[in-house]
Amino acid sequence: SVFGIAHELFVWFVYITIIKQKFNNQRFGLATVVSFIKSPLVIAILAGLFINISGFNPMFESNFLLKGFENTLSYLASTATPVILIIISF
């Protein structure tokens, strides 16, 4: 998740800023920061870090419903990078 947040930081604060400046003649602004914070991938990364740091992980492993939820999220998480690459047409 640390690599994911680093990727998001680069995309939102470097790549998007360069594109906006080139095509719309806009500079870095508060709208870029707000868009970064509202990004679902950033929210998911921060939520995962919070769960890891706060110690909720044993609770997820002991409860079968939460374990199923965690497994579902891990399957979805493995698709995040390919989807991002498809979106930016890499």
Side-chain angles (χ1 to χ4, degrees):
S1 70
V2 174
F3 294 119
I5 202 78
H7 180 264
E8 287 294 311
L9 284 170
F10 172 77
V11 167
W12 285 101
F13 294 115
V14 176
Y15 188 67
I16 297 293
T17 303
I18 290 171
I19 288 175
K20 282 184 175 181
Q21 187 174 10
K22 181 172 176 96
F23 293 112
N24 298 337
N25 228 2
Q26 292 179 352
R27 301 237 177 216
F28 180 80
L30 185 62
T32 305
V33 176
V34 171
S35 297
F36 172 76
I37 293 170
K38 288 184 176 181
S39 170
L41 196 56
V42 171
I43 293 170
I45 289 169
L46 293 176
L49 287 173
F50 172 76
I51 288 172
N52 242 349
I53 292 170
S54 65
F56 287 129
N57 201 20
M59 183 177 69
F60 276 89
E61 292 174 356
S62 65
N63 187 328
F64 73 95
L65 286 175
L66 294 177
K67 183 67 175 170
F69 182 68
E70 181 182 15
N71 287 340
T72 303
L73 288 179
S74 71
Y75 291 139
L76 290 174
S78 64
T79 64
T81 300
V83 169
I84 289 171
L85 293 174
I86 290 170
I87 289 171
I88 62 172
S89 300
F90 184 65

Checklist line | Closest heavy-atom pair and its distance - L76, T79 | finding: O-OG1, 2.6 Å
Next item on the list: Check side chain to side chain contact (heavy atoms under 4.5 Å, CB included) between S54 and all other residues, then give those that pass, not counting sequence neighbours.
Entry: F50, F56
Next item on the list: Output the distance between atom CG (L49) and atom CG (N52), rounded to the nearest 0.5 Å.
Entry: 7.0 Å
Item checked: Test side chain to side chain contact (heavy atoms under 4.5 Å, CB included) applied to N63 - qualifying residues, sequence neighbours left out -> L65, L66
Check: Who passes side chain to side chain contact (heavy atoms under 4.5 Å, CB included) against F64, sequence neighbours left out?
Finding: none
